[in-house]
Peer 1: 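Before I ask anything, here is the structure I am working with.
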Amino acid sequence: MEHFLDQVINGLQLGFMYALIALGYTMVYGIIKLINFAHGDVFMVGAFIGYYGFAKWGMPLPLAVITAMAVCAILGVVIEKIAYRPLRYAPTISVLISALGVSLFLEYFCSLRFVFGPNYRVVQRPFEEVHWVLGGVTFNNIQVMVAVVVIIMLLLLQYMIYRTKIGMAMRTVSFDHDAARLMGVNVDSVISVTFAIGSALAAAGGVLFAIAYPQIQPFMGIMPGLKAFTAAVLGGIGIVPGAVLGALIMGQVETLTAAYLPTQLRDAIAFAILIIVLMVRPTGILGKNKPEKV
Amino acid sequence: MDMGKKTKMNLGKTAVLLLITLAVYVVMKALLISSILSSYWGLVLDQALITTIGALGLCIIYGFSGQFSLGHAAFYGIGAYAAAFVSKTYGHGSMAWFLLALPVGALTAALVAFLIGLPILRLRSDYLGIATLGFGIIVKVGMDNSNRLLPVLGGATGITGLPQVAGFDIIFLCTVMTVLLTRNFVQSSYGRACTAIRDDEIAADIMGIDTTRYKVLAFVFGCALAGLAGALYVHRYPFLHPSSFDFLKSFDFLLIVVLGGLGSMSGTIITSIAWVFLLEGLRFVLGQQFLEFRGVIYALILVVIILLRPQGIFGGKEVSVMAPPKAIPASGKEGPHADPGN
Amino acid sequence: MLTVNNIQVYYGAIQALHGISFEVNEGEIVTLIGANGAGKSTTLRTISGLIRAKSGLIEFMGQDITKTPAHKIVKMGLAHVPEGRKIFPNLTVHENLLMGAYTKSDRTEIAASLENVFQRFPRLKEREKQHAGTLSGGEQQMLAMGRGLMCKPSLLILDEPSMGLSPILVEEIFNIIQEINQLGTTVLLVEQNAFMSLQIAHRAYVLETGRILLSGTAADLQANPKVRSAYLGDVIE
Amino acid sequence: MPILEIKDLSKNFGGLKAVSSFDLTLEENEIVGLIGPNGAGKTTVFNLITGIFPVSSGSIKFMGQDILGMKPFKITQLGIARTFQNIRLFKQCTVLENVRTIFHPRVKYGLMDSFLHTPRYSAEEERITEKSFELLKTMNLDDRAHLTAANLPYGDQRRLEIARALAGEPKLLLLDEPAAGMNPSEVGTLVEMIRFIRDHFNITILLIEHQMGVVMNVCERLVVLDFGEIIAAGLPEEIRNNQKVLEAYLGKGVVSA
């Protein structure tokens, strides 16, 4: 039982990180209906910048996180401007292919020797890992840090979306671009803001990831990106609480499978659950199935 | 125009197509025999043709039927494994077993496609994409652990020592057959039913087309082609590894079909070949010193093409030998005339 | 106030507007009438910047807005209440109204506008905290109009405000339009319900397949047998 | 036996009554108009007949057969065809392909014939093409057979939808605003075409239309819908002078105007 609770805590840690990435996927999808395949790679860039920040440039950890978030926010906006915006009126599949191209570009570019290089790097944490036992359940300071950081970010995001003008504008753009334009909303800038926020969250996720599973390399974004995206679909893509819900489920499924079933089956079970959920609810757990107007 | 003229035109196009392929075959064969094309480039050429077969499968599924699949490589892999199993266990390099392994690969992929397609093809667009992507990952996990079920499949280490019995001739023949079958299918009433579903699924349903049935049909046919491609692949390259069939491979097929122009067989064929040669060509042009730039350049080319040609290179058009003959009504026979008053 | 000069609009290869010209003067209610598919909504969408005209000129308050993006046109004082209302169903009534004042930043001004709208539409006040998606059709139309008024526009464009409403509600809506106009807002109104809109309008234009067929004062057009026949269907000659 | 018999049909969306207690009987070879203001529920009636939405209550019988709960494609194959208010052509296909596609349920060759382009395939394709051209000719579209449907002007797209519907060899044709977006001369032609179709193909037509010119000219009977309920039914002349209809349809001022 205690072992089980330990696993739940591990799953929570993983789920929280997925949530940070999934939010970017879901916000972008909500607003321009694009599966932004480059998002996982923005997460990777965030991890590297954070790592350079605290390990090489001697920044205090919070500053390194903020630097990574700022760099990635700019990166996200630039990607959107160069690779997605020119295709605003093209078929969505063209944008998706562009996103794939950007994703590959980031991976290979970061693998270049004069950038980050192709090899794994072990991350030296800026602090010692400390374990605590509470009521028989073991947890450590990394898990606490992840939980605190993620919850703060989620609350900030929630505040921004529901309590600020730009958040309201984002909600209207995700409903209907034209209707938002008629209110005087500059849809292009709202899209830029969305990319900036989503990318910044992914960057924060990246730094946390680098610290929690202390290893980084240029292709590290692929699998977490895919899992986070799956989490967003599981919860109902385009819906912010859905992304968090989906991510927490994914985190639990993965750690529990790894703990109680052959570890190799981890990914298979996670995706099998996704398929089964979609069979029952074709637009995800919190998704609303809008019938098409005839 | 008399009855049967259209038939003749169709036969005429087929004849032209076969003549062109024959010419291509002779030229390629000559280049290979005279070693102007080294055995290395011969291998690349075969890979290009195999990719064409698989990509035409996705062209049917996505380009002509509108079913967004991100798991095409899974069926390519299923075909490869099924064929490898036959050849490794029974064939040991025998040609007859190889010829049997090809349909086994295609049919296994088709069967799996039918079983998975029936439930998941109810999903629409991106949801279908992500479900097929998930299926692809499940299949990949299956391959990684295949040795638990059948030790001969090798699990995560893959299979070595497969008999390399597939040569240019048979691969070329399979490609030509695939091109003809796809073209014939697309230009039939069944193909039209699929295209209608792609353009407007609800309208197709209300106009009397059993959409579930034709979505599954297109999916099964397309996946069978992927299976055939996989079966050829394992008999051409001596080493089979699960990582050749992961979701990145699915993206390869997808970007070929989209860059070629959705709904264009010609575009798919030309892009498949160009893409495989581009990848190898880059290796050649960059040389050892700059090889690490290959991925970056590849990615940039991809983004630039899609920005310049968002509709794909062929944008749904066909070169004339692949296009359907232009149907013209029989003259002399009067249709009913509305001939409205004003 | 608004001059539209010979605009041509295409959807892909299809020409939707074949050179439409008309004008709206300050203080007027001008109505565009015509059957479904005549190009009324397309005209409005072109004016408010949602669609680009291929050729022609649109001037608002003396400025060329032919190529101005939609969000800037709103800021100039032109509010467009679109066909089908397009209220934001997941936002509350209050938030919907705030969106109407998106271009404004002065809080006291916004509060005053809000007060104004609530005075005109007391039903909205009652439902202030509800999600807009839960409103009835008539309430949604009121919300859409109230939202349009939040930016204190000098020109209010209304696209099919009567659609799907019961006759009593239609009458109420038309009364409100008249009131809004009397308080100094110029109105450009598109309606299927031709006779109703001719009654409150000063001038009107009749559209047919992307062209202006007739124009004149509302009273003249109301009496014009051609308009009557187009709508009431006397035998086609 | 009536071709279509609808009894006490109702449809609710959430709490909203889109159609309530709707009755309609169509006899063979009639042309009947279904009119009413925007949002009155006319298209919903079409959607219920063609099986797009499940019915809340009531019954629909087509040629004596209960068609409630059938899938749309099955209903169409029984002999009901329709057009759409918001044109729904197969946009990327040519005009000819749009029509040829609809012959599919009755095509006389199998999948193998398709793959191999057998003589049976060729003969049947020949037949389908001929018939399609006949239909295109009927709708004055035969000279545009090879254009992409999306590039046709609205009027042509509407007529193509009719041609496509006829390719299903229906007994009952539902037309949803066939004249929308057409210019007056096209509308005049359309009226002739609708009559011709009825006589030539021997079918029953139910049509929704806003342009009263079309309705009054072509329909033998009218049913007026407002807020999902029938407010009047009868001959065009009767409807034209029915004050309730005039008010609901044209606005309250019309009578005094």
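Because the structure is predicted, anything quoted here is derived from the model rather than measured. Proteins come first, then strands; the chains are lettered A, B, ... in the order of their sequence lines, and each starts at number 1. Heavy-atom basis, side chains included; hydrogens, waters and symmetry copies ignored.
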Peer 1: Which heavy-atom pair separates C/Tyr102 from A/Ala169 by the least distance, and what is that distance?
Peer 2: OH-CB, 3.5 Å

Peer 1: Got more than 12 heavy atoms from elsewhere within 6.0 Å of OH, A/Tyr159?
Peer 2: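 Atom OH in A/Tyr159 is not packed in, count stays at 12 or less.
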
Peer 1: For the atom pair CZ (C/Arg147) and CG (A/Leu182), what is the distance rounded to the nearest 0.5 Å?
Peer 2: 8.0 Å

Peer 1: Looking at every non-hydrogen atom in both residues, tell me the closest pair between C/Thr103 and A/Gly184 and how far apart they are.
Peer 2: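 Closest pair (atom of C/Thr103, atom of A/Gly184, distance): CG2-CA, 3.8 Å.
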
Peer 1: Would you say the side chain of C/Asn90 lies within less than 4.5 Å of the side chain of A/Arg171, judging by non-hydrogen atoms?
Peer 2: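 The answer is no; the side chains never approach within 4.5 Å.
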
Peer 1: If you take all heavy atoms of C/Glu95 and A/Tyr162, which pair is closest and at what distance?
Peer 2: OE2-O, 4.0 Å

Peer 1: How long is the gap from CD1 on C/Ile87 to CG on A/Asp176, to the nearest 0.5 Å?
Peer 2: 12.0 Å

Peer 1: Can you tell me which portion of C/Arg85 sits under 4.5 Å from chain A's heavy atoms? Options are side chain, backbone, both or neither.
Peer 2: neither

Peer 1: Working to the nearest 0.5 angstrom, can you tell me the gap between C/Asn96 CG and A/Met183 CE?
Peer 2: 8.0 Å

Peer 1: Rounded to the nearest 0.5 Å, what's the gap from NZ on A/Lys165 to OG on C/Ser105? Could you check?
Peer 2: 6.0 Å

Peer 1: Quick check: do C/Leu98 and A/Met168 have side-chain heavy atoms less than 4.5 Å from each other?
Peer 2: yes

Peer 1: Can you confirm whether more than 12 heavy atoms, excluding those of C/Glu26, are under 6.0 Å from its CD atom?
Peer 2: no

Peer 1: Minimum heavy-atom separation for C/Val74 and A/Arg181, please, with both atom names.
Peer 2: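 Smallest heavy-atom distance, with atoms named: CG2-O, 3.6 Å.
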
Peer 1: Within a 6.0 Å radius of atom NZ on C/Lys75, are there more than 12 heavy atoms belonging to other residues, nucleotides or ligands?
Peer 2: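 Counting neighbours around NZ of C/Lys75, 12 or fewer heavy atoms of other residues, nucleotides or ligands fall under 6.0 Å, so no.
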
Peer 1: How about NZ on C/Lys104, more than 12 heavy atoms from neighbouring residues, nucleotides or ligands closer than 6.0 Å, or not?
Peer 2: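 Counting neighbours around NZ of C/Lys104, more than 12 heavy atoms of other residues, nucleotides or ligands fall under 6.0 Å, so yes.
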
